[in-house]
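Below you'll find the structure, written out as C-alpha cells, and then a few comments.
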Amino acid sequence: QVQLVESGGGSVQAGGSLRLSCAASGKIFSINDMGWYRQAPGKQRELVAGITSGGSTNFADSVKDRFTISRDNAKNTMYLQMNSLKPEDTAVYYCHAWIRSSIVSGSTRGYWGQGTQVTVSS
C-alpha cells in the first residue's frame, strides 16, 4: 500500500554529479525519518545520509562535504545530490522511510525502495 520509487541513477565519470530522487506514494499519513543507503558488490548495505521530518541531517564520513540530502514534505519526496563522485561511490542506492499510514494508529513501518544503480568510472 506504500511504495518508494527511486530515480536518477546512472553512469558518470569521476568528479561528476548525480541527483537521486525517492518518491513515496500510497497510504501515507506522515513520513518520519528518511534515509539513503547503498550497497556495493560484496559489501554490506550502509547508511549514506539521513534526514528527519524536521530537516536535520547526518552523513557518512565518506560522503560529507560532497553529498547533500533534502526532502520536500509536500511532495513526499527525498533527494540526494551527489557531487565530486568517486569510483568508490559505485553501488546500488536505496531509499528508506519510516511511514505512518493510519491517522488512528501512531505506529510507523519501514519501507525500502527497489534501488537504483550508480556507477562512477575513473
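Quick note: residue numbers are just sequence positions, from 1.
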**Q.** Option among Thr90, Leu80, Leu20 that satisfies the side-chain contact (heavy atoms from CB on, under 4.5 Å) test with Val118
**A.** Leu20
Q. Would you say the side chain of Asp89 lies within less than 4.5 Å of the side chain of Arg66, judging by non-hydrogen atoms?
A. yes
**Q.** Flag side-chain contact, heavy atom, 4.5 Å: Ile31 against Arg71
**A.** yes
Q) Roughly how far, to the nearest 0.5 Å, is the CD1 atom of Ile51 from the OG atom of Ser70? A) 6.0 Å
Q: Using the six-membered ring of Tyr79, assess whether NZ or CZ of Arg19 lies under 6.0 Å from its centre and within 45 degrees of the ring axis.
A: yes
Q: For the residue pair Asn73 and Met78, establish whether any side-chain heavy-atom pair is separated by less than 4.5 Å.
A: no
Q) Tell me, do Phe67 and Leu85 make a side-chain contact under 4.5 Å, heavy atoms counted? A) yes
Q. Run the side-chain contact (heavy atoms from CB on, under 4.5 Å) check on Leu4 and Ile99 step by step: do they pass?
A. CA-CA 11 Å; Leu4 299 182; Ile99 294 176; 4.2 Å; yes
Q) Which of parallel (below 30°), tilted (30 to 60°) and perpendicular (above 60°) describes Tyr94 and Trp112? A) perpendicular
Q. Shortest non-hydrogen contact from Ser122 to Ala14?
A. CA-CB, 4.3 Å
Q. Are side-chain heavy atoms of Trp36 and Ile69 found at a separation under 4.5 Å?
A. yes
Q | Gap between atom CD of Gln3 and atom OG of Ser25 - 0.5 Å precision | A | 5.0 Å
Q | Over 12 non-hydrogen atoms of neighbours within 6.0 angstrom of CD in Gln114 | A | yes
**Q.** Heavy-atom side-chain contact between Glu46 and Tyr37 under 4.5 Å
**A.** no
Q: Group every Ile, Leu, Val, Met, Phe, Trp and Tyr by side-chain heavy-atom contacts under 4.5 Å, then state whether Val12 and Val92 land in the same group.
A: no
(Q) When you compare the side chain of Ser101 with that of Val2, does any pair of heavy atoms fall below 4.5 Å? (A) yes
Q | Partner set under side-chain hydrogen bond (donor to acceptor under 3.5 Å, both in side chains) for Gln117, not counting sequence neighbours | A | Thr119
(Q) If I compare all heavy atoms of Ala49 with all of Phe59, which pair ends up nearest, and what's the gap? (A) CB-CD2, 3.5 Å
Q: Determine, using ring centers only, whether Trp98 and Tyr111 are less than 6.0 Å apart.
A: no
Q: Mind checking the CE-OG1 spacing from Met82 to Thr68? Nearest 0.5 Å is all I need.
A: 11.0 Å
Q) Nearest 0.5 Å, what's the NE2-CD distance between His96 and Glu6? A) 11.5 Å
Q: Could you tell me whether the side chain of Asn76 reaches within less than 4.5 Å of the side chain of Ile28, counting heavy atoms only?
A: yes
Q) With no hydrogens and no angle check, do the side chains of Asn83 and Ser17 hold a donor and an acceptor under 3.5 Å apart? A) yes
(Q) I'd like to know if the side chain of Thr77 and the backbone of Lys75 have a donor-acceptor N/O pair within less than 3.5 Å. (A) yes
Q) At what distance, to the nearest 0.5 angstrom, does NZ of Lys43 lie from CD of Glu88? A) 8.5 Å
